[in-house]
Amino acid sequence: MLAIKTLRDKLEQVKSALATRQSDISFTQWIAADQKQRRLKQTIETLKFKRNRASEEIPKRKRAKEPLDALLKEMKTVSEEISRYEAELKRIEAENADFLLNLPNVPHVSVPVGKDETENQEIRRWGEKPVFSKAPLSHWVIGETLGILDFERGAKMSGSRFVLYRGLGAKLERALINFMLDLHTTAHGYTEILPPFIVNRSSMTGTGQLPKFEDDLFRLKDSDCFLIPTGEVPLTSIHADEILAESDLPLNYTAHTPCFRREAGSYGQDTRGLIRQHQFNKVELVKFTSPTDSYDHLEQLLAHAETVLQKLGLHYRVVSLCTGDLGFHAAKTYDIEVWVPSQEKYREISSCSNVEDFQARRAKIRYRTADGKIEHPHTLNGSGLAVGRTVVALLENYQQPDGSVVIPEALRSYMGGLEKIS
RNA sequence: GGAGAGGUGGCUGAGCGGUCGAAAGCGGCGGUCUUGAAAACCGUUGAACUGAAAGGUUCCCAGGGUUCGAAUCCCUGCCUCUCCGCCA
């Protein structure tokens, strides 16, 4: 959510910044409604002032046994007026709040301007593409042949885009989760959290998933609660409605959570394999930082996610998303894309964003500065990493001519010393 | 699932329908005292909106209602706790 003050004072700047996102938002209606809202509020406050003064007067007169019928009558009218105006104000406020909640974040100045993903900017590459003697197999062929991934039975019990891991496949997923969590908690200084995987509407709204993206979420039938689409939601909600101390910052949290996504509107995309599932595991990184150094922290967060791939020896590139490809709540985003040999493509395996104060404002996350001022911290989040997609990369990049898959050195202690899956 | 209790400021916890943004204690901050610290004592200490400021309005879980006036009364919802039942 953007600050109303910013909208009122710097509307033209906001407009042109948002235009780079390819959003066509009209502000004319909002401007009128905002003015109406302020006028109404003034009227109501004047009336309430009158009522409050009368409330002081009435008991005095009562004690003095002075007549007050006329005053009571007058105040009854005033109260009726107030409730009439308030009903109107409530309606307008709800409209305006809805407008604000649906406005995307303003891109940071360093974000490349562009219309869609074709104009994202490559920042760097790490490692080399592996060389194969014959055409590399897709991870689902490898996984099914090795008996570690079972898409058929996943679909049988749950539907398409669900998978069953078996034996060493399940163990590999678990090994990756532990490997990532250990790395982030020991080497990178994050506090491990095990949050709820079901959250209420307020947590979803605070983090920016709602009201705009309800169709992408799984909602529980009788409770207005949702399955989390990412660990970012519970981790960022940890400090909702709180006022932190400046000395608390930065706060660094990590968590492994399953993520649940409806994937509405992605029919026909990545229908086979692990790339796009309704349920997948992810290790998430979330930071709360001071606004002054949040962009340094974004680089750090990105480096922390990259470290996972480096330790696993997986070739990847880092891309800075252009304005047109930026997610709703992000001011700046780096995607890490891992090499997927069977597709001869880089595929997103992590997305690291600085949300600035967009979520903090929605979720009422604040901190008190040394001189007592109340400010919104910046929130950052990134995948460190998407676990299912890491399995994709491992199976494909480490596949051997004999059909086996070598386990990278860094992971072996988590696999009971196993060197390859065959 | 059944029965009951309750949701008040950073925390604990008072609060008669009007003088309550709200007692008191703790904690925090500043000070006195002290070589220093502790203790003691004194002072101070919520948030949002609005306004140049003075000030004004709002907030005692949320939403409705009663009333000239609600933290206080009524209704609904949410949440927490206790006991019983069930259960990993």
Side-chain angles (χ1 to χ4, degrees), chain A residues 1-9 30-31 33-101 194-206 210-211 219-226 234 237-249 251 258 288 357 359-377:
Chain A
M1 192 162 66
L2 304 178
I4 303 186
K5 275 208 177 94
T6 315
L7 281 184
R8 286 175 186 158
D9 301 345
W30 175 78
I31 294 167
D34 183 53
Q35 279 167 358
K36 192 169 180 190
Q37 177 183 326
R38 299 170 89 177
R39 271 200 310 273
L40 257 175
K41 222 173 182 159
Q42 274 176 14
T43 311
I44 290 169
E45 286 188 3
T46 312
L47 287 170
K48 282 189 171 172
F49 177 68
K50 206 170 166 184
R51 185 173 73 182
N52 287 345
R53 292 299 83 82
S55 286
E56 287 166 15
E57 185 66 20
I58 290 169
K60 278 186 203 160
R61 287 206 204 171
K62 249 188 184 166
R63 258 178 273 126
K65 303 229 187 317
E66 288 169 12
L68 48 114
D69 277 5
L71 185 56
L72 289 186
K73 212 170 175 185
E74 188 195 343
M75 284 306 116
K76 186 162 181 82
T77 322
V78 169
S79 280
E80 281 163 3
E81 251 180 301
I82 289 175
S83 42
R84 218 176 34 246
Y85 282 126
E86 275 190 331
E88 170 82 354
L89 177 68
K90 220 183 138 190
R91 220 198 65 236
I92 293 176
E93 272 180 341
E95 261 172 40
N96 290 348
D98 194 59
F99 177 80
L100 287 180
L101 285 173
L194 202 168
F197 305 149
I198 293 174
V199 299
N200 57 27
R201 181 171 289 275
S202 147
S203 299
M204 285 295 187
T205 308
L210 291 177
R219 185 180 154 196
L220 271 53
K221 189 164 173 296
D222 294 314
S223 73
D224 210 28
C225 285
F226 302 82
S237 300
I238 290 176
H239 296 295
D241 294 310
E242 288 183 19
I243 301 177
L244 302 161
E246 189 169 28
S247 55
D248 292 337
L249 305 178
L251 286 164
F288 297 74
D357 60 5
Q359 290 173 323
R361 189 167 283 116
R362 286 176 167 244
K364 297 192 179 65
I365 305 163
R366 291 153 294 173
Y367 73 97
R368 198 184 304 275
T369 63
D371 55 344
K373 284 212 185 72
I374 304 243
E375 309 273 4
H376 294 285

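Just so it is clear: chains get the letters A, B, ... in the order the sequence lines come, proteins before strands, and each one is counted from 1. Nothing here was measured: the structure is a model prediction, and the numbers come from that model. All values below were derived from every heavy atom in this structure, side-chain atoms included, with hydrogens, water molecules and symmetry-related copies excluded.
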Check residues 45-53 of chain A and write down every donor-acceptor pair under 3.5 Å in which the side-chain atom is one partner and the other belongs to a residue at least two apart or another chain.
from  : atom 1 : to    : atom 2 : distance (Å)
A:T46 : OG1    : A:Q42 : O      : 2.8
A:K48 : NZ     : A:E86 : OE2    : 2.8
A:N52 : ND2    : A:K48 : O      : 3.4
A:R53 : NH2    : A:E56 : OE2    : 3.3

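- Going from the P atom of B:rU57 to that of B:rC20 covers 15 Å, rounded to whole Å.
- Partners of A:E74 by side chain to side chain donor-acceptor pair (under 3.5 Å), not counting sequence neighbours: none found.
- First and last contacting nucleotides of RNA chain B toward chain A (any atom under 4.0 angstrom from a heavy atom, 5' to 3' order): B:rG18 to B:rG69.
- With respect to A:K5 and A:D9, no salt bridge is recorded, no charged nitrogen being found less than 4.0 Å from a carboxylate O.
- Distance noted for atom P between B:rG43 and B:rG7: 31 Å (whole Å).
- Counting any heavy atom pair closer than 4.0 Å across all strands shown, A:R368 reaches sugar-phosphate atoms only and no base atom.
- Under the Watson-Crick and G-U wobble criteria, each requiring two contacts below 3.5 Å, nucleotide B:rU72 is left unpaired.
- Across all strands shown, B:rC86 has no partner, as no Watson-Crick or G-U wobble contact with both distances under 3.5 Å is found.
- Using atom P as the reference point in both B:rG6 and B:rA14, the two lie 11 Å apart (nearest Å).
- Contacts of A:N200 with the nucleic acid, taken as non-hydrogen atoms under 4.0 Å apart, are absent.
- At the heavy-atom level, A:R361 lies nowhere under 4.0 Å from the strands shown.
- Judged as a side chain to side chain contact (heavy atoms under 4.5 Å, CB included), and not counting sequence neighbours, the contacts of A:P211 are A:D98, A:L101, A:N102, A:R362.
- Along RNA chain B, the nucleotide nearest A:L71 and the nucleotide nearest A:R63 are compared for position; the residue whose nucleotide lies closer to the 5' end is A:R63.
- Nucleotide B:rG6 is matched to B:rC79 when pairs are restricted to Watson-Crick or G-U wobble geometry with both distances under 3.5 angstrom.
- Between A:F288 and A:H239, the two ring planes are perpendicular [angle over 60°; tilted spans 30° to 60°].
- Rounded to a whole angstrom, the distance from the P atom of B:rG27 to that of B:rC78 is 39 Å.
- Counting any heavy atom pair closer than 4.0 Å across all strands shown, A:K90 reaches sugar-phosphate atoms only and no base atom.
- For A:R61, the side chain to side chain donor-acceptor pair (under 3.5 Å) criterion is met by A:E57, not counting sequence neighbours.
- Here, B:rU44 and B:rA23 have their P atoms 13 Å apart, quoted to the whole Å.
- At the heavy-atom level, A:K41 lies under 4.0 Å from the strands shown only through sugar-phosphate atoms.
- Across all strands, A:K50 comes closer than 4.0 Å to no nucleic acid atom at all (heavy-atom distances).
- Rounding to the nearest 0.5 angstrom, the gap separating the CD1 atom in A:I4 from the CZ atom in A:R361 is 9.5 Å.
- Only the P atoms considered, B:rU58 is 15 Å distant from B:rG63, to the nearest whole Å.
- Pair assignment for B:rC29: B:rG43, on the basis of Watson-Crick or G-U wobble contacts that are both within less than 3.5 Å.
- Taking atom P in both B:rU32 and B:rC49, one finds a spacing of 36 Å when rounded to whole Å.
- The same atom, C1', is picked in B:rG64 and in B:rA70; the two are 14 Å apart, to the nearest Å.
- Residues A:Q42 and A:A54 each lie close to RNA chain B; by heavy-atom proximity, the contact nearer the 5' end of the strand is made by A:A54.
- Qualifying ring-ring contact (aromatic ring centres under 6.0 Å, His included) partners for A:H376, counting only residues two or more places apart in sequence or in other chains: none.
- Across all strands shown, B:rC60 forms no Watson-Crick or G-U wobble pair with both key distances under 3.5 Å.
- Nucleotide B:rU34 forms no Watson-Crick or G-U wobble pair with any nucleotide shown, as no partner meets the under 3.5 Å limit on both distances.
- Residue A:I374 is in sugar-phosphate contact alone, with no base atom involved, counting any heavy-atom pair closer than 4.0 Å across all strands shown.
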